[in-house]
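Have a look at the structure below before the remarks.
Chain identifiers are assigned alphabetically (A, B, ...) following the order of the sequence lines, protein sequences preceding nucleic acid strands; residue numbering begins at 1 within each chain.
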There are 2 protein chains.
Amino acid sequence: MEKQTVTIYDVAREAGVSMATVSRVVNGNPNVKPATRKKVLDVIDRLDYRPNAVARGLASKKTTTVGVIIPDVTNIYFASLARGIDDIAMMYKYNIILTNSDENSGKEVQVLNTLLAKQVDGVIFMGNNVSPELKAEFDRSRTPIVLAGSVDPTNTQPSVSIDYKAAVHEGVARMLKRGYKRVAFVSGPLDQPINSEYRLAGYKDALADAGIDYDEQLVFETDYSYQAGYDLQEALTAVDATAAFVGDDELAAGVMNGMNDAGISVPEQFEILTSNDTKLTEIVRPKMSSITQPLYDIGAVAMRLLTKLMNNEPVENKNVLLPYGFVKRGSTNSNEV
Amino acid sequence: MEKQTVTIYDVAREAGVSMATVSRVVNGNPNVKPATRKKVLDVIDRLDYRPNAVARGLASKKTTTVGVIIPDVTNIYFASLARGIDDIAMMYKYNIILTNSDENSGKEVQVLNTLLAKQVDGVIFMGNNVSPELKAEFDRSRTPIVLAGSVDPTNTQPSVSIDYKAAVHEGVARMLKRGYKRVAFVSGPLDQPINSEYRLAGYKDALADAGIDYDEQLVFETDYSYQAGYDLQEALTAVDATAAFVGDDELAAGVMNGMNDAGISVPEQFEILTSNDTKLTEIVRPKMSSITQPLYDIGAVAMRLLTKLMNNEPVENKNVLLPYGFVKRGSTNSNEV
DNA sequence: TCTATTATTGTAAGCGTTTGCAGATATTGC
DNA sequence: GCAATATCTGCAAACGCTTACAATAATAGA
């Protein structure tokens, strides 16, 4: 007794109208006489009719779903962006197909293709490295794709992020101004442009401004995990670093705890400035000073931008930079400013 | 010059076969002569043909996508489950439509309906409270729905979780055994069965076992936020609580930091046992002792269970309970065990 | 009252695949 | 060399809905 699914045809028959009319009322088309509309609505209600979105997608060539490629949902930074994305998506009646990529280029390409095969109306990509193959896929796709919290050095893809280079530049400059000479730069993989071409570049700029020579020994390249940061303590003290700019909060929490556990107290003996201002910065002790960035908004704005692109609305600026700032918390000393 | 999408028909024409044959090779149907298969494959490659999943979904009545309802991706506990879900889903060639519900019953019902309208092949629900309305939707749906890390007291819905009641019972018993008389119970909303019918019940059982009277003053009902926990300090000390079992890690971190910041040091003057063993427990200082539960696996097993349900495979046990355990870390004193 | 308009509604052709059935080929056994 | 089987292929009908375009009904103007 498999309950038969009720189709638009059933509704039409019951209501004594054509399916075109039913379709119209379902889609809020105004060209329907109020009386007719009510009649149809009643039948829909009675039959508990639910339009089949797949059929609708086939016929209209719109699925009202967008794909979201995320490195790892478990990473609070990306999860925060994802939340912004989903909220706005919902607001515009879109759903999100979420897939983890682990920043694996092959997987990213593959996932993008299945997303496109599913006819998503658009996609939002989060990831710190747009590989050439991926870039190629982006280019040949007619589906709008926007980057969120990520950068593509070629600046050819719509994106929403902050000015990473300037932010790091300013953040490091502040530490330098406070007298720290040995400020380490610890980040994720340097083959990711966001780390090499933006953050590291900003770091170098700050150094240059302060007239300090760039010392490669102070640059630490690791993965984004807490443990990786934690394990950095020895190496950090070995090169006499007395402060560090860290490219990720979880990573930063790791180096902070690693230092503290080794008896090098933060911030007294070692300052730390982290990058993402996730809630982790508040939970950890001492709390971490950080570059601030509107995480939720990056996602939200990216999604909003995507809606415009999907509707072929004109977009003034395809590469939006949201404002960043700084919060001074416990992992940094309170000298001037 | 809108690039025309290439359809199965184009491939058929080019390859000089019928679309049925193309369909067969695309779907790996073995009834195709190798030579024909190769010919088709070549054309597919040359034309860069990508099957339209929507059309496929309409025709086959399968979308290979499952819906996932999550309270909030930003919550590390649920995000961890989600990761397990997505990995297994991907392994079985499914995609995930992820939507945040904020544990809002109305939103949950609404979201479930749009998911079903999109013809997902199954759904995984995370949330601590299955409202009657939602339950009703579950019941009338022919689409399999499994609960992950969540419980439905009626035990009528397939689910994967741990035995919350037993875990809390044991955890609190351990604290009691160490001599704590005033163990507080702090959790999220008590109108959520997981808190009232499971955790609180376990707490009461432990009390009973130890011959200690249940004191309602020791029960704290809040929301799951860090801040809520942080703000609990005064109330907690007001009732002379000397330890607490907390139902959520972020909440627990809040309680711990609140106490510590108020000069009540954990664990010397106040013990804390938390529930979810997320990475937060390791990042915080002191680290938090916790009930351990296989977060990733709960999601993974739930998804695996769902695949079976979607394929009408027989399932021995529709309500799987995964094992839990305990880790002693810094927020708890190291007395016997 | 009659015609020109405008508001409603119906017709039917897709949308791109899957699939049951039937026809066409190729194999195998004698 | 021929019938009986086993393999391959092609046909064409769905799948459930959207949407030009055509048809019909309602309303307005003269």
Side-chain angles (χ1 to χ4, degrees), chain A residues 2-41 43-44 47-65 93 114 116-121 142, chain B residues 2-41 43-44 47-65 93 114 116-121 142:
Chain A
E2 178 80 356
K3 192 199 322 174
Q4 208 47 67
T5 70
V6 3
T7 74
I8 197 175
Y9 182 74
D10 298 317
V11 176
R13 183 165 30 68
E14 284 298 305
V17 300
S18 71
M19 26 189 292
T21 298
V22 177
S23 176
R24 291 194 188 91
V25 347
V26 167
N27 292 297
N29 184 315
N31 300 330
V32 180
K33 197 196 306 182
T36 308
R37 179 189 308 284
K38 176 166 186 345
K39 186 171 55 178
V40 173
L41 249 17
V43 174
I44 285 180
L47 264 44
D48 192 31
Y49 166 70
R50 268 212 222 80
N52 178 321
V54 173
R56 183 143 39 177
L58 218 213
S60 70
K61 292 174 167 304
K62 287 192 181 316
T63 55
T64 63
T65 105
K93 312 287 189 194
T114 92
L116 295 177
K118 292 210 170 174
Q119 315 297 117
V120 294
D121 297 334
R142 275 173 301 159
Chain B
E2 178 79 355
K3 191 197 323 173
Q4 210 45 69
T5 70
V6 4
T7 73
I8 197 174
Y9 183 74
D10 298 318
V11 176
R13 183 167 29 67
E14 285 297 305
V17 300
S18 71
M19 31 190 286
T21 297
V22 176
S23 175
R24 291 195 187 92
V25 347
V26 166
N27 292 297
N29 184 315
N31 300 330
V32 180
K33 197 198 302 181
T36 308
R37 178 188 309 283
K38 177 167 185 343
K39 187 170 52 176
V40 173
L41 249 18
V43 174
I44 285 179
L47 264 43
D48 192 31
Y49 165 70
R50 269 212 222 81
N52 178 322
V54 173
R56 191 161 6 196
L58 217 213
S60 69
K61 292 173 168 304
K62 289 193 180 315
T63 56
T64 62
T65 105
K93 311 287 189 197
T114 92
L116 294 178
K118 292 211 170 174
Q119 314 298 121
V120 294
D121 297 333
R142 274 174 300 160

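Minimum interatomic distance between B:Thr7 and B:Tyr49 (heavy atoms only, all atoms of both residues): C-CE1, 3.5 Å. Across B:Thr5 and B:Asp10, no two heavy atoms sit closer than the pair O-OD2, 3.9 Å. Counting all heavy atoms, side chain and backbone alike, A:Arg50 lies closest to B:Ala117 at CD-CB, 4.4 Å.
At distances below 3.5 Å, not a single donor-acceptor pair connects side-chain atoms of B:Asn27 with backbone N or O atoms of B:Asn29.
In this structure, B:Asn29 atom CG and C:dT17 atom P are separated by 17 Å, rounded to whole Å. Here the C1' atom of nucleotide C:dT19 and the CG atom of B:Asn31 are 12 Å apart, to the nearest Å. Distance B:Leu47 CG to C:dG16 P: 14 Å, rounded to the nearest Å.
Tested against A:Val40 for a side-chain contact (heavy atoms from CB on, under 4.5 Å), the candidates A:Val26, A:Val25, A:Val32 yield a single pass: A:Val25. The side-chain hydrogen bond (donor to acceptor under 3.5 Å, both in side chains) test with A:Lys118 is passed by exactly one of B:Thr64, B:Thr65, B:Thr63: B:Thr64.
Counting heavy atoms from C-beta outward, A:Thr21 and A:Thr36 have side chains that approach closer than 4.5 Å.
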Letter by letter from the 5' end, nucleotides 16-27 of chain D scores (B base, S sugar-phosphate only, - none; protein heavy atoms under 4.0 Å) BBBBB-------
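End-to-end axis angle of the helix from C:dT1-D:dA30 to C:dC30-D:dG1, using five pairs per end and rounding to 10°, comes to 30°.
If you take NZ on A:Lys39 and NZ on A:Lys33, they are separated by 8.0 Å, rounding to the nearest 0.5 Å.
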